[in-house]
*Asks:* 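Next up is a structure, given as structure tokens.
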Amino acid sequence: AKQTGRNAVQFYAPHMNAHAIDRLALEGALRGALRDDQFELYFQPQVDLGSGRVVGTEALIRWRHPDFGTVRPDRFIGLAEETGLIVPIGDWVLRAACRQNRAWQHAGLGPLRIAVNLSARQFSEPGLVQNVRRVLDETGLAAPSLEIELTESMMMADVEAAIETMRCLKAMGVKLSIDDFGTGYSSLAYLKRFPVDVLKIDRSFIRDIVGSPDGAAMVDAIISLAHGLRMQVIAEGVETLEQLDYLRGCGCDEVQGHIYARPEPVREVELLLRKGTME
Ligand code: C2E
Ligand code: CA
Ligand code: CA
Ligand code: CA
């Protein structure tokens, strides 16, 4: 029998294949997770390359399952998207992230920024802008301390609607970034139309820096392009000193990756924030 956790309903019907059973079980378990407060945020530091200081963190969701332990988002975000559960889950993430960042600021841990991932479904919800406004009001976080991460495919699904939503968020003072840049389908022609503050270079490009002159040239070019469009650049998934040195040479602004820190629970990341610097 499949273990689905004490809160999950188990479905066994002969006409269903194993896949359908898994999906139903997972969906039930996800509802239970929301109800029973099993989600938790981990935070990964974002480090300014010039000063070595932690300037922000990215909030990354984890699921503390009573039987399975800590579950990574790749295992459940997809299904949460399909079922629409991502909307209440994403809402919880936004609120918890803003509240935590406000608490850190209140504790004197610097004017930190918090980056929150949005799903496609959340981004196209009609109430998104008001909801962000409400969360900022309720948590007392200043809008410029919140950065919302969007992907190219979310922006390209309906370009005009996306630009309108982005403008509303920008008007509020919230920062916007393009996540996983270079991996989605998008046109450079649109890049300059998107009111985006930060471009996050996907880890696949960072991995290619060393050992491939073409890979290194790509990263250099992306950084120049972003700076030309007055965007800041964050390199994702930086793991080695060679990568770090190369990025520094290219004028990359910030780095996020295992070389500095993995995503950590509140307590652990707080120790790094208190130290302030990663150098
Ligand atoms: P992402 O937004 O691209 O987040 C970065 C992922 O890269 C994280 O995986 C992080 O742990 C991992 N990472 C960071 N530095 C390194 C490194 O140096 N090397 C390697 N190999 N990996 C590194 P994580 O936390 O498992 O999240 C996976 C994805 O799940 C995220 O990718 C994001 O797309 C999604 N996700 C996470 N939290 C949320 C959320 O609250 N809402 C939504 N909608 N999606 C989320
Ligand atoms: Ca992200
Ligand atoms: Ca990313
Ligand atoms: Ca990703």
Side-chain angles (χ1 to χ4, degrees), residues 30 33-34 38-47 54 56-64 69-101 113-125 128 131-132 135 146-155 175-184 186 196-210 222 233-244 247 252 254-265 268-269 272 278:
L30 275 177
L34 259 174
Q38 291 170 358
F39 293 115
E40 181 179 348
L41 290 182
Y42 276 34
F43 301 88
Q44 186 175 34
Q46 299 176 324
V47 179
V54 180
T57 66
E58 177 177 359
L60 295 157
I61 195 170
R62 297 291 181 266
W63 179 7
R64 279 273 160 93
T70 303
V71 185
R72 301 273 298 251
D74 338 331
R75 304 286 300 280
F76 63 87
I77 290 288
L79 188 71
E81 274 267 344
E82 286 172 40
T83 55
L85 279 170
I86 193 68
V87 174
I89 293 174
D91 231 53
W92 177 86
V93 169
L94 181 66
R95 198 170 297 269
C98 289
R99 194 187 301 120
Q100 184 60 65
N101 205 59
R113 191 182 65 204
I114 183 90
V116 174
N117 292 283
L118 231 59
S119 77
R121 191 91 166 226
Q122 275 178 287
F123 186 57
S124 58
E125 281 281 296
L128 172 73
N131 196 37
V132 171
V135 169
L146 173 64
E147 182 176 304
I148 289 181
E149 299 197 356
L150 307 168
T151 62
E152 293 159 285
S153 52
M154 287 159 63
M155 300 177 191
K175 297 220 160 15
L176 298 177
S177 63
I178 305 185
D179 199 3
D180 304 340
F181 181 78
T183 61
S186 71
V196 166
D197 307 278
V198 177
L199 186 152
K200 299 188 77 176
I201 307 179
D202 190 70
R203 151 165 112 238
S204 55
F205 292 96
I206 306 306
R207 205 188 294 129
D208 282 352
I209 287 177
V210 177
I222 293 171
V233 182
I234 303 182
E236 289 195 279
V238 178
E239 296 179 348
T240 70
L241 266 176
E242 290 107 300
Q243 292 167 348
L244 196 64
L247 289 163
C252 182
E254 292 174 25
V255 155
Q256 186 183 340
H258 293 172
I259 186 149
Y260 285 124
R262 288 169 187 267
E264 305 270 15
E268 280 75 12
V269 83
L272 297 174
M278 304 298 291

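Atoms within each ligand, like the ligands themselves, are counted from 1 in listed order. Residue numbers run from 1 in the order of the sequence given. Just so we're clear, the structure is a prediction, and the values are computed from it rather than from any experiment. When reading the values below, keep in mind they use all heavy atoms of this one structure, side chains included, and skip hydrogens, waters and symmetry mates.
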*Asks:* Taking heavy atoms and a distance under 4.0 Å, where does L60 meet ligand 1: side chain, backbone, both or neither?
*Replies:*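 Both parts.
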
*Asks:* Compare H258, R72, Q122 and give the one whose heavy atom is closest to atom 9 (O) of ligand 1.
*Replies:*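 The nearest heavy atom belongs to R72.
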
*Asks:* To which of R203, E81, E239, R121 does the heavy atom nearest atom 22 (N) of ligand 1 belong?
*Replies:*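 Residue with the shortest heavy-atom distance to the ligand atom: R203.
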
*Asks:* If you look at D179, which of its N/O/S atoms is nearest to the Ca ion (ligand 2)?
*Replies:*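 Restricting D179 to its N, O and S atoms, the minimum distance to the Ca ion (ligand 2) goes to OD2.
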
*Asks:* If you stand at the Ca ion (ligand 3) and look out to OD1 of D180 and OE2 of E236, what angle do those two lines make, to 10°?
*Replies:*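 An angle of 150° at the metal.
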
*Asks:* Can you tell me which portion of D179 lies within the under-4.0 Å heavy-atom range of ligand 1? Options are side chain, backbone, both, or neither.
*Replies:*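 The answer is the side chain.
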
*Asks:* Out of D180, D74, N117, whose heavy atom sits nearest atom 28 (C) of ligand 1?
*Replies:*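 Looking at heavy atoms only, the winner is D74.
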
*Asks:* Identify, by name, the N, O or S atom of E149 lying closest to the Ca ion (ligand 2).
*Replies:*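 In E149, the heteroatom (N, O or S) nearest the Ca ion (ligand 2) is OE1.
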
*Asks:* If you look at E58, which of its N/O/S atoms is nearest to the Ca ion (ligand 2)?
*Replies:*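 The atom in question is OE2.
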
*Asks:* Nearest 0.5 Å, what's the CZ-CD distance between R262 and E268?
*Replies:*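 Going from the CZ atom of R262 to the CD atom of E268 covers 13.5 Å.
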
*Asks:* Counting heavy atoms only, which of Q44, Q256, E236 is nearest atom 15 (N) of ligand 1?
*Replies:*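 Checking each option, the heavy atom nearest atom 15 (N) of ligand 1 is found in Q44.
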
*Asks:* Less than 4.0 Å is my threshold; does some heavy atom of K200 fall inside it relative to ligand 1?
*Replies:*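 False for this residue.
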
*Asks:* Is R262 close enough to touch ligand 1? Criterion: a residue heavy atom under 4.0 Å from a ligand atom.
*Replies:*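 Per 4.0 Å heavy-atom rule, R262 does not contact ligand 1.
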
*Asks:* How long is the gap from SG on C252 to CD1 on I201, to the nearest 0.5 Å?
*Replies:*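 The CD1 atom of I201 is 5.5 Å from SG of C252, to the nearest 0.5 Å.
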
*Asks:* Counting from 1, what ligand 1 atoms have a heavy atom of S119 closer than 4.0 Å?
*Replies:*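 Atoms satisfying the 4.0 Å criterion: 44 (N).
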
*Asks:* With the threshold set at 4.0 Å, does a side-chain nitrogen-carboxylate oxygen contact exist between K200 and E147?
*Replies:*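 Salt bridge between K200 and E147, a charged N being under 4.0 Å from a carboxylate O: no.
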
*Asks:* Check step by step if side chain to side chain contact (heavy atoms under 4.5 Å, CB included) holds for Q122 and N131.
*Replies:* CA-CA 10 Å; Q122 275 178 287; N131 196 37; over 6 Å; no

*Asks:* Step by step, would you call N117 with E58 a side-chain hydrogen bond (donor to acceptor under 3.5 Å, both in side chains)?
*Replies:* CA-CA 8 Å; N117 292 283; E58 177 177 359; 2.8 Å; yes

*Asks:* Contact between ligand 1 and G237 is defined here as a heavy atom of the residue under 4.0 Å from a ligand atom; is it met?
*Replies:*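 A heavy atom of G237 does come that close to ligand 1.
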
*Asks:* Output, in order, the C-alpha distance, side-chain angles, deciding distance and verdict of side chain to side chain contact (heavy atoms under 4.5 Å, CB included) for R75 and W63.
*Replies:* CA-CA 10 Å; R75 304 286 300 280; W63 179 7; over 6 Å; no

*Asks:* Could you state the interatomic distance from OG1 (T57) to CG (L272), rounded to the nearest 0.5 Å?
*Replies:*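 With rounding to 0.5 Å, OG1 (T57) is 10.5 Å from CG (L272).
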
*Asks:* Under 3.5 Å between some N or O of ligand 1 and some N or O of I61?
*Replies:*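 Right, the criterion is met.
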
